[in-house]
Amino acid sequence: SRSKHGPQSDEQTQREVLLHCCLTGSEEYRELVEEINARQRFNFSYLHSQRLFNIHTLNALKIGCTGEMLCLAFERPLLTLQEIFETSRFRKRKNQQWARKSVNLLLSLGRVLKYFHTVGFVHGYVEPGTIGKFQGSNNWKMLDMRRATPLGHPMKGELRPGSPPESVSKTNVKPWMSEVVKLVSFDENIVGQDTSKDSEGDHEPMETLEYHPSQCMASTSWDIWSYGLIMGQLVLGQSMVLLPNFEKASDAHLRNLHQYDDEALNKIYEAAKRVSGENAANL
């Protein structure tokens, strides 16, 4: 499959669009169909979400492939918040310009999320890569609407930066289960090893952390938690290592979420005060 992303111009209105194209049957195709279905079903306001202008299908033979190609023309963002974070990584957070822009962004994002919650949805994936700045003054909108969840429905999807602590739970794993892995090993020292002594009752069960979003019913608190993490990243910059979603490895991320408590929150507060001043920390 192929996926093409690039700025295109709509001849009728001379507007710049972001064109997403992919072959039918590909993973990208499935995601684009989900995006179309979510927008048709829920009719989200384009004042708060990235606008979908046009949907096209064409014969993929035109580009040397077989089958049909689906093309979606989206409103093109000037940049995403992720791109801002990448270019401002070492920027001082105490200057007034950064503080003013951060407050304006947070106010705009708060209004956007309030809209989704008012019409009965949780975005569920509020993170730097799904927040885009568009033409106009302080014009921030949400991207990736295909995974929005109606309030009161079970949450779903993979572990992501905005997942809250309540989506993580402990699971007991019996020690004898780990021996099953040994039995299929190709290590000569393990083949034929007697594991009969490791019966189910010989040891206490071990605990492991697992991500279970479905145990959470969609509520505004999910997006509010994600919103707080965005605020923390704006304030902390390089010191965001203290945020519970800093770790990229899933096991470390789950551990940080499970261990998040008042002490962890206080460490973030003290770091924010040191990096950006008391007013920023009080946010």
Side-chain angles (χ1 to χ4, degrees), residues 38-39 42-51 75 77-85 88 91 93-153 155 157 160-167 216-237 240 242-246 257 260 265 268-269 271-273 275-283:
R39 289 167 179 272
F42 304 134
N43 193 29
F44 295 119
S45 166
Y46 65 83
L47 297 176
H48 302 92
S49 60
Q50 182 184 29
R51 190 170 186 174
E75 179 183 14
L78 300 174
L79 74 175
T80 65
L81 184 56
Q82 182 62 45
E83 291 170 319
I84 292 179
F85 283 150
S88 65
R91 185 170 180 174
R93 262 46 178 179
K94 283 188 178 180
N95 71 72
Q96 291 185 348
Q97 184 183 30
W98 179 266
R100 176 177 54 81
K101 289 184 176 181
S102 295
V103 169
N104 287 339
L105 186 159
L106 290 169
L107 286 172
S108 180
L109 180 58
R111 286 191 289 267
V112 169
L113 294 179
K114 183 178 180 180
Y115 158 76
F116 287 115
H117 299 162
T118 299
V119 297
F121 292 90
V122 172
H123 185 280
Y125 282 78
V126 179
E127 54 195 67
T130 62
I131 302 170
K133 190 177 192 303
F134 294 82
Q135 289 283 358
S137 175
N138 198 36
N139 187 18
W140 294 89
K141 302 182 185 183
M142 294 304 304
L143 286 59
D144 193 7
M145 302 309 305
R146 64 189 174 89
R147 294 177 290 194
T149 305
L151 289 171
H153 287 231
M155 293 297 291
R160 57 264 199 188
S163 296
E166 56 267 29
S167 63
C216 301
M217 294 297 105
S219 69
T220 59
S221 62
W222 187 293
D223 283 347
I224 291 171
W225 166 266
S226 306
Y227 179 86
L229 293 172
I230 295 293
M231 183 187 300
Q233 200 165 345
L234 281 166
V235 170
L236 293 171
M240 66 169 288
L242 294 172
L243 296 178
N245 65 340
F246 174 78
L257 287 174
Y260 186 79
L265 177 61
I268 294 173
Y269 170 79
K273 186 164 62 173
V275 172
S276 302
E278 190 164 356
N279 287 338
N282 288 335
L283 285 175

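A quick note: this is a predicted structure, and the numbers were derived from the prediction, not measured. Only this structure's heavy atoms are used, side chains among them; waters, hydrogens and symmetry mates stay out.
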Q: For Arg160 and Gly124, work out which heavy atoms get closest and say how close.
A: NE-O, 3.0 Å

Q: Calculate, to the nearest 0.5 Å, the distance between atoms NZ and CD1 belonging to Lys273 and Ile268 respectively.
A: 14.5 Å

Q: Looking at every non-hydrogen atom in both residues, tell me the closest pair between Thr130 and Tyr125 and how far apart they are.
A: OG1-O, 2.6 Å

Q: In the structure I gave you, are the side-chain heavy atoms of Thr149 and Phe121 within less than 4.5 Å of one another anywhere?
A: no

Q: Counting only heavy atoms not in Asn279 (residues, nucleotides, ligands), do more than 12 fall under 6.0 Å from its CG?
A: no

Q: Heavy atoms only: give me the nearest Leu105-Asn138 pair and the separation to one decimal.
A: N-OD1, 3.8 Å

Q: If you round to the nearest 0.5 Å, how far is CD of Glu127 from CE of Met142?
A: 8.0 Å

Q: So, do Leu229 and Pro244 sit near enough that their side-chain heavy atoms are less than 4.5 Å apart?
A: yes

Q: Side chains of Lys141 and Glu75: closer than 4.5 Å at any heavy-atom pair?
A: yes

Q: Side-chain contact, heavy-atom cut-off 4.5 Å: Arg39 with Gln50?
A: yes

Q: Apply side-chain contact (heavy atoms from CB on, under 4.5 Å) to the pair Tyr227 and Leu109, showing each step before the final yes or no.
A: CA-CA 8 Å; Tyr227 179 86; Leu109 180 58; 3.7 Å; yes

Q: Strictly under 6.0 Å, is that where the ring centroids of Trp225 and Tyr260 end up?
A: yes

Q: Side-chain contact test, heavy atoms from C-beta onward, threshold under 4.5 Å: evaluate it for Leu234 versus Leu106 and give yes or no.
A: yes

Q: Nearest 0.5 Å, what's the CG-CH2 distance between Leu107 and Trp140?
A: 13.0 Å

Q: With Ile131 as reference, evaluate Val112, Ile84, Val126 under the side-chain contact (heavy atoms from CB on, under 4.5 Å) test and give the passing residue.
A: Val126

Q: Compare all side-chain heavy atoms of Lys133 with those of Asn139 and state whether any distance is below 4.5 angstrom.
A: no

Q: First locate atom CG of Leu242, then atom OH of Tyr269, and finally report the distance between them rounded to the nearest 0.5 Å.
A: 14.5 Å

Q: Kindly compute the distance separating OG (Ser226) from CG (Leu113), expressed to the nearest 0.5 Å.
A: 8.5 Å

Q: If you compare all heavy atoms of Ser45 against all heavy atoms of Ser49, which two are closest, and at what distance to 0.1 Å?
A: O-OG, 2.9 Å

Q: For the ring pair Tyr115 and Phe44, is the centre-to-centre distance below 6.0 Å?
A: no

Q: Indicate yes or no: at least one non-hydrogen side-chain atom of Trp222 is less than 4.5 angstrom from one of Ser167.
A: yes

Q: For Ser88 versus Trp98, what's the shortest heavy-atom pair and its separation?
A: OG-CH2, 3.4 Å

Q: Between His117 and Ser219, does the side-chain contact (heavy atoms from CB on, under 4.5 Å) criterion hold? Intermediate values first, please.
A: CA-CA 8 Å; His117 299 162; Ser219 69; over 6 Å; no

Q: Any side-chain heavy atom of Pro128 within less than 4.5 Å of one from Ile230?
A: yes

Q: For a quick test of reading the model, state the closest non-hydrogen atom pair linking Ala38 to Met145 and the distance between them.
A: CB-O, 3.7 Å

Q: Taking His123 for its side chain and Asp144 for its backbone only, find out whether a donor-acceptor pair lies under 3.5 Å.
A: yes

Q: Taking Thr118 for the side chain and Lys114 for the main chain, is one N or O donor matched with an acceptor at less than 3.5 Å?
A: yes

